[in-house]
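Here is how names work: the chains are called A, B, and so on, in the same order as the sequence lines, proteins then strands, and each is numbered from 1.
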There are 2 protein chains.
Amino acid sequence: MKTRDRILQVSLLLFNEEGEAQLSSVDVANALEISPGNLYYHFKGKDAIIRALYERFEEEMRVILRGSSGGVASIEDNWVYIYILLEEIYDFRFFYRDLAGLIARYPDLAGRFRALIAEKRQTILRILDDLARLDVIDIDPRLMPPLTDQIITTLTFWLAGDSLTRESHDGPALIHKTVFQVMCLIVPYMGKDGHGALSGMIRHFKETQS
Amino acid sequence: MKTRDRILQVSLLLFNEEGEAQLSSVDVANALEISPGNLYYHFKGKDAIIRALYERFEEEMRVILRGSSGGVASIEDNWVYIYILLEEIYDFRFFYRDLAGLIARYPDLAGRFRALIAEKRQTILRILDDLARLDVIDIDPRLMPPLTDQIITTLTFWLAGDSLTRESHDGPALIHKTVFQVMCLIVPYMGKDGHGALSGMIRHFKETQS
DNA sequence: GTCTATACGACGATAGAC
DNA sequence: GTCTATCGTCGTATAGAC
């Protein structure tokens, strides 16, 4: 089963690099220097590869989401947690670069993806709730769902959004920028501490950039 | 030049309804009950149709962006303005449903789209600046760019985001929800007035829904 | 302007030899 | 397991008649 793993590994690399839609199963075979027939022996088409990769992604993502229970009790924890989440997404970034197209091409993944996002939503809602209970943030309850949606939107479309700006970032810089972006959504609800937290974040942000 | 216009009209309808990627030039010809050859007489391929439609969209969008100068001086104006913006996007929603794929398929549109978004960004920044100057909002200057980016993200991905939720909205409801979503980003910076504004928005939101 | 017919290429998929 | 060879489908694009 060694070729099978190589196919998955190289596919992921290629999809992340050049985009899934741009590559045919023959391209993947060429990159591996095996014949299309051989590739089909292991995976019945590009579909099967995508599905196998999604399987991996979903599993790892669920582990991360589960890991949030009780582990995010401060703003700093929150920062780190978002970082971990974004890193994981970045490893499978081809899924997120062209989400709509991907879902259109593999409709059976749509439901699973939606479920995963719903789970993500629950997780964020719970974390925010915890932070509110610990008096780290003070937020009108009616603003909680919109804030959660807003965070979800950012966590889902940061990659797609970046390619729509004039100057694109490299991976690490973009991840960092996005963490900052999410934190900026929370800062306004930190009251007086918000100002200090913002200064700290900006300082940290500047350091990491250079 | 009547067939030419019919092609554009029906294409827009079809693309919005079923997605641009899902339709070939032959599909469009069939829907119009003309031959593929005839379609090619008017437009040299699907590319040309897309480009013509984009031309229209960009023009209308620029008119709206220009129209913001001095016209958005209160929270209510802001609400209305976002509404107008979203309506326009909705009219050409196929562009936004699968932005990444579309840009990959028509790379020459990428630059123009980016430029349009940059212009949108400037507009929002200016509006926020005006609102701050008029003491409608009070915001740490360092939070201004992130807030602007956040609004841009919402205005760009609201359509794509909706198809990732469990229950999808119809057009008007989604537009309304999105306006609300953007306003929720601004409310925290309205100080004491924020609470009242939020209540007003929710009331209005509920009414329109029913 | 509009039609029919057809050429061409890309991709997905399979059969059969090694 | 891996290869070569080949077929079918589909979308794009053009030629030539009306």
Pairs flagged by ring-ring contact (aromatic ring centres under 6.0 Å, His included) wherever residues 5-45 of chain A is involved - sequence neighbours left out: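 For residues 5-45 of chain A, and leaving out neighbouring residues, the ring-ring contact (aromatic ring centres under 6.0 Å, His included) pairs sorted by first residue read Phe15(A)-Phe94(A).
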
Is [Y] paired with [X] through a side-chain N to carboxylate O contact shorter than 4.0 Å?
X	Y	value
Glu20(B)	Arg97(B)	no
Arg105(A)	Asp47(A)	no
Arg203(A)	Glu207(A)	no
Glu119(B)	Arg114(B)	no
Asp162(A)	Arg93(A)	no

Of the listed nucleotides (dG1(C), dT4(C), dG1(D)), which one gets closest to any side-chain atom of Asn38(A)?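 Nearest listed nucleotide: dG1(D).
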
Interatomic distance where [atom1] belongs to [X] and [atom2] belongs to [N] [whole Å]:
X	N	atom1	atom2	value
Gln22(B)	dG11(D)	CD	C1'	14 Å
Ile50(A)	dG12(C)	CD1	P	11 Å
Leu23(A)	dC11(C)	CG	P	10 Å
Glu20(A)	dC11(C)	CD	P	13 Å
Tyr41(B)	dT4(C)	OH	P	17 Å
Asp27(B)	dT9(D)	CG	C1'	14 Å
Arg6(A)	dT2(D)	CZ	C1'	12 Å
Leu39(A)	dG12(C)	CG	P	10 Å

Salt bridge (charged side-chain N to carboxylate O under 4.0 Å, His left out) contacts in which one or both residues fall within residues 23-37 of chain B, not counting sequence neighbours: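 Counting only pairs at least two positions apart or across chains, no salt bridge (charged side-chain N to carboxylate O under 4.0 Å, His left out) contact touches residues 23-37 of chain B.
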
Can you see if the side chain of Ser24(B) gets near the phosphate of dC10(D) - specifically, an N or O under 4.0 Å from OP1 or OP2?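 Answer is no, no contact under 4.0 Å.
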
Per-nt protein contacts along nucleotides 13-18 of chain C (heavy atom under 4.0 Å; B base, S backbone sugar-phosphate only, - none) come out as BB----

Check every strand shown and say whether Ser25(B) touches a base, only sugar-phosphate, or nothing at a heavy-atom separation below 4.0 Å.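 The answer is sugar-phosphate, as Ser25(B) gets under 4.0 Å only of primed atoms, P, OP1 or OP2.
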
